[in-house]
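Just so it is clear, the model here is predicted, and its values are computed rather than measured.
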Amino acid sequence: MTLPADQPSVGQLRADSPAPAAPPPGCPAHQAAARLYGGEAEADPAGLYAKLREQHGPVAPVLLEGEVPAWLILGYRENMEAARTPTRFSRDARIWREWQEGRVRPDSPLIPMVGWRPDCVSQDGEEHQRLRSAVNDSLGRFDRHGVRRHIQRYANQLIDGFAPLGRADLLAQYAQHLPMLVLTRLFGLPEEFGPRLVEASTGLIKGGEKAVAYNEYIMRVLSDLAATKSAEPGYDFASWLIAHPAGLTEDEVQNHLRLVLIAANETTTNLIANTLRVVLTDPRFRASLTGGLMTIPDAVEQVLWDEPPLMVCPGRFATGDMEFGGQQIRAGDLLVLGLAAGNTDPAVRPDLSTPVHGNRSHLAFSRGPHECPGQDIGRAVTDCAVDALLARLPDIHLAVPEQELNWTSSTWSRHLDVLPAEFTPRRVAQVPAQRLATEPRPASVPRTASQGAAQDGAQGAAQGAPRSAPQSAESTAPEAAAAAVPAAAPGSGWRALIRRFFGI
């Protein structure tokens, strides 16, 4: 859909726009809708989903941050239908009635998550196919075996940092760092950007008043990266997006870099942390793993059913008036996919204690034309993370009773605050200087053109260090975002966007 020339897209709303009007009669906000943020939604999201299912059936009226009305899809089949039928449930937020009628503030924390952007997630049909082909093809150019070697190397480097101590916070010292180490290399960014990008992308998903500032910081970094790669291409994801035959505009390149970064960050960290927690606390899993009855991929798949990295996925917009899930949906209504709720729908899982080993029919990566293209990379990063940790520290165990673990939830996700573990301290062998000299250079070290060409031809993406990118994490942060993103913030994670080409 093309908007009139005098009507900005959601992502272009002006700061001086008028305050939102009151919700109209008949919308979900006037049907005793539950808040999908704060209070009960943060304390016990699963309990809230169960209550909404009992009260309303497979589709329930809810309120998002800012008292914005929406519909939460709770049923498994209804989630599948909405995800697979873009003719009825569009991804194009420009038809969002609440925004068209001025009831969403320009500084709403929903805008970075729900608003329209020039990327494949916000498009349907041929335009979606054009943009998604650029993402798929660019990711597919990497040497999958080389990338997997990098995951393993980074995992062991992180373990080296805490193995001699006999204790670690597996979230802050491991799960939050590993995905972003891989991601910065694939993007062609210096590794020093990792901690700030992790903090910003995690904060954006959490929402709140800093969400817009976090988004501005991310876009500034990626804009500088795109400008650098346009002038001096490298063997990396950013350069391939720019050069792809789909002919992406400057805005499209930057927004697809943002899409991969955001989708990969919080979700992969959550998947690693949740899988480690289950392996360390559930005797059925640990006994099966050590006895050979269950593989680590089996454990990952169980977690994807029980605790998907994203609990709620934004968003779909009704293309017309309809009856759906027992509710009267109006054209332009916002619907959000309840991935966690759909996975526990009694219609498909009457007994949640029954194992689902090898069953990949869950909703963790959505479904339909917008299903996550890199879900297999999220699995691969998690597989490597868990495997390396158990191999290096076989007696590792949780340092506190499981019931003492704390969680933080938002509308979209739920994650552990800490994951303390203990183990027998292990000495770390010193790497000989000669071996260090042969290791691939970090992303922060530029290559000359001749070095880049020679190494790219011989080793591919995973073996060559990308060309120089933005000068520093400090120099690219706008003042507001810099205040929101502490320089020493721990690295955060990357989940679901590249595993597709690992071939496992």
Side-chain angles (χ1 to χ4, degrees), residues 1-3 8-13 90-96 99 106 108-139 183-184 186-189 193 197 200-205 211-230 236-267 310 313-317 366 369-370 372-374 412 469-470 476-478 481 494-498:
M1 172 181 290
T2 302
L3 294 178
S9 70
V10 174
Q12 298 171 325
L13 288 172
S90 174
R91 288 303 304 253
D92 191 341
R94 291 173 295 187
I95 69 172
W96 186 13
W99 127 239
S108 167
L110 296 178
I111 297 299
M113 292 297 296
V114 180
W116 184 88
R117 297 175 301 274
D119 61 30
C120 61
V121 168
S122 298
Q123 316 288 344
D124 296 307
E126 293 183 1
E127 185 65 2
H128 168 257
Q129 294 174 10
R130 177 182 75 87
L131 296 172
R132 179 150 172 154
S133 71
V135 174
N136 289 348
D137 294 346
S138 297
L139 292 177
L183 194 58
T184 52
L186 296 181
F187 272 45
L189 274 167
F193 280 78
L197 287 172
S201 56
T202 302
L204 191 154
I205 295 253
V212 173
Y214 284 132
N215 189 63
E216 290 174 353
Y217 171 73
I218 291 169
M219 292 305 296
R220 178 68 65 86
V221 170
L222 298 179
S223 175
D224 289 350
L225 173 65
T228 299
K229 296 301 179 179
S230 293
D236 52 64
F237 180 59
S239 299
W240 294 333
L241 277 180
I242 294 168
H244 193 272
L248 272 62
T249 67
E250 182 177 323
D251 282 347
E252 289 171 345
V253 169
Q254 294 172 18
N255 277 275
H256 281 91
L257 291 172
R258 174 193 181 276
L259 171 65
V260 173
L261 183 78
I262 299 300
N265 176 39
E266 178 79 357
T267 51
L310 280 182
C313 178
R316 299 297 192 274
F317 303 91
S366 188
H370 291 279
C372 175
W412 316 109
T476 58
W494 174 50
R495 298 268 194 288
L497 283 172
I498 307 173

Query - Exam field: side chain Glu216 to backbone Ala213, donor-acceptor pair closer than 3.5 Å - result: no
Query raised in the report: Is it true that a side-chain atom of Asn255 and a backbone atom of Asp251 form a donor plus acceptor pair closer than 3.5 Å?
Result: yes
Can you confirm whether [X] sits close enough to [Y] that some side-chain heavy atom of one is under 4.5 Å from a side-chain heavy atom of the other?
X: Phe237; Y: Leu257; answer: yes
X: Cys313; Y: Met113; answer: no
X: Leu197; Y: Leu189; answer: yes
X: Arg130; Y: Cys120; answer: no
X: Ile95; Y: Ser90; answer: yes
X: Leu241; Y: His244; answer: no
X: Asp119; Y: Leu131; answer: no
X: Arg117; Y: Gln123; answer: no

To the nearest 0.5 Å, tell me how far [X] [atom1] sits from [Y] [atom2].
X: Ile218; Y: Ser223; atom1: CD1; atom2: OG; result: 13.5 Å
X: Ile262; Y: Tyr214; atom1: CD1; atom2: OH; result: 12.0 Å
X: Leu183; Y: Phe193; atom1: CG; atom2: CZ; result: 13.5 Å
X: Asp224; Y: Gln254; atom1: CG; atom2: CD; result: 9.0 Å
X: Met219; Y: Leu261; atom1: CE; atom2: CG; result: 10.5 Å

Considering all heavy atoms, the nearest [X]-[Y] contact:
X: Tyr217; Y: Ala200; result: CD2-CB, 3.8 Å
X: Ile242; Y: Ala226; result: CD1-O, 3.6 Å
X: Ser133; Y: Ala246; result: OG-CB, 4.4 Å
X: Leu248; Y: Ala134; result: CD1-CB, 3.5 Å

Query - Chi angles and distances behind the side-chain contact (heavy atoms from CB on, under 4.5 Å) call for Val212, Ile111 - result: CA-CA 8 Å; Val212 173; Ile111 297 299; 5.7 Å; no
Query raised in the report: In terms of heavy-atom contacts, does CD of Glu250 have more than 12 from other residues, nucleotides or ligands at under 6.0 Å?
Result: no
Query raised in the report: Going by an N to O cut-off under 4.0 Å, is there a salt bridge joining Arg132 and Glu127?
Result: no
Requested in this report: Identify whether the distance between the nearest side-chain nitrogen and carboxylate oxygen of Asp236 and Lys229 falls below 4.0 Å.
Outcome: yes
Report task. Taking salt bridge (charged side-chain N to carboxylate O under 4.0 Å, His left out) as the test, write out the residues that go with Arg91, two or more places apart. Result -> none
Report task. Quick one: do Leu204 and Arg258 satisfy side-chain contact (heavy atoms from CB on, under 4.5 Å)? Show the steps, please. Result -> CA-CA 12 Å; Leu204 191 154; Arg258 174 193 181 276; 3.9 Å; yes
Requested in this report: Please report the C-alpha distance between Phe317 and Val114 in whole Å, then the side-chain angles of each, then the deciding distance to 0.1 Å, and finally whether the side-chain contact (heavy atoms from CB on, under 4.5 Å) criterion is met.
Outcome: CA-CA 10 Å; Phe317 303 91; Val114 180; 3.7 Å; yes
Requested in this report: Walk me through it: do Val260 and Phe187 pass the test side-chain contact (heavy atoms from CB on, under 4.5 Å)?
Outcome: CA-CA 10 Å; Val260 173; Phe187 272 45; 3.9 Å; yes
